[in-house]
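In what follows, every heavy atom counts, from backbone to side chain, and hydrogens, waters and symmetry copies are set aside. Order of appearance sets the numbers: ligands from 1, and atoms from 1 within every ligand.
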Amino acid sequence: MKANRERVFGLAALAAIIFFVLGMAGNALAAERHYWIKAEEVQWDFMPSWPLNLMDGSDMTGDIFTDPNAFSGAKGRIYTKAAYRQYTEGFEQLIDGAFAPSREPGAPNEHMGITGPAIRAVVGDTIVVHFKNETSIDTSVHPHGVLYDKTGEGAPYIDNCNPGDPGCDPAGPGDVVPPGGEHIYVWGVPDRAGPGPNDASSIVWPYHAHTPETASTNAGLIGPIVIYRPNAVGFDASGAIVTRFREFFTLFTIFNENASALFDANFPNGVPKRVDPDEFEESNLMHGMNGLLWGNNTGYNMQAGEKVRWYIMAMGTEVDMHTAHWHGVTLLRNGHREDVTGIFPATTATLEMLTDNPGKWMFHCHVNDHLDAGMMTTFTIR
Ligand SMILES: [Cu+2]
């Protein structure tokens with residue numbers, strides 16, 4: 001009995017030492033990844049090329065979605081929107097703004113449009129988002145997939161008291177960040193936040209405002225989180241993640257400006273009088289890829305033979321069932337071959353593209369109503 005107990009104790013001690021050593025190794029590799037992100041208001045142009053349609057060269061004058069003179073009360077193509085933008089440490093300098101150098105033609109994230117910056121981490125890391133709200137609306141950062149406690153959830157609802165009790169407030173720390181406010185969100189990245197057994201070596205999750213969810217995402221507050229398997233990436237001298245493949249992000253959504261938290265900013269006098277309410281409402285549905293219409297979502301450039309990964313996201317309501325279609329190529333989604341991939345609101349897809357067919361190719365949503373409203377662009381394999 002005694003010998004047996006000693007052997008059990010010995011095995012337990014050995015296991016403890018192994019776990020300790022593995023834990024140390026894990027800690028040595030794991031990193032805290034700090035992101036400095038502001039929510040900002042922007043004058044967003046859904047179609048900078050207007051009136052020129054970059055897909056077919058046509059003149060879009062009279063188009064109810066983009067022409068402010070299409071009918072009395074039409075807004076046209078420019079709206080006040082909110083967007084997540086990335087800064088250097090301490091909010092010193094904009095490095096990822098809508099009109100900052102990093103999103104100019106030729107920049108790696110030129111194509112990201114209104115979509116927020118990519119928050120990247122490796123399984124085992126911890127993500128720290130230093131968030132500042134510089135918009136005029138309440139907002140938050142609610143992540144999908146990663147591990148958080150109640151201060152990292154970014155969503156106000158009654159989750160820590162009884163409804164109706166005195167002092168019972170749905171908004172805990174970070175659930176609602178008011179205009180001018182700040183919050184630090186800390187998110188763990190355990191295995192369950194990373195790629196599953198059948199996933200590629202990386203996986204994309206959305207993050208978005210949740211204050212409330214519909215109004216703040218229609219305002220524009222959405223971005224991607226990418227989690228990599230530890231062996232899938234390298235690191236530069238500063239410890240930043242370096243991928244062995246080119247990455248593109250596309251958010252398919254119909255921004256409903258009628259339901260945006262910034263509706264009042266866009267229509268200070270409310271719904272214009274003497275307009276057809278149906279036409280008005282329809283004209284404020286902006287069928288964008290990264291918030292851009294009719295070929296204006298530019299920057300999808302790659303080399304033939306290059307490894308390319310696409311992260312596709314959707315957001316919105318029941319009309320936001322999108323079928324992303326790439327002409328000229330095929331892709332793998334979790335081992336299945338596709339050239340069209342389907343997504344629903346808040347779902348995502350990670351695809352590996354076979355860049356075997358050089359050319360300038362159409363990339364669009366295959367839903368007829370969305371195609372007709374401009375949800376299309378091109379990508380180029382050189
Ligand atoms: Cu669509």
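For the side chain to side chain donor-acceptor pair (under 3.5 Å) with R77, the lone residue among T66, D45, D63 that qualifies is D45.
Aromatic ring pairs are classed by plane angle as parallel below 30°, tilted from 30° to 60° and perpendicular above 60°; the pair F249 and H111 is parallel. Between F252 and F363, the angle of the ring planes goes over 60°, which puts this pair in the perpendicular group of the 30/60° scheme.
At a cut-off of 2.8 Å, H322 coordinates the Cu ion (ligand 1) through an N, O or S atom. The Cu ion (ligand 1) lies at 2.8 Å or more from every N, O or S atom belonging to H366.
Closest N/O/S atom of H370 to the Cu ion (ligand 1): ND1.
Within a 6.0 Å radius of CE in M302, more than 12 heavy atoms belonging to other residues, nucleotides or ligands are found.
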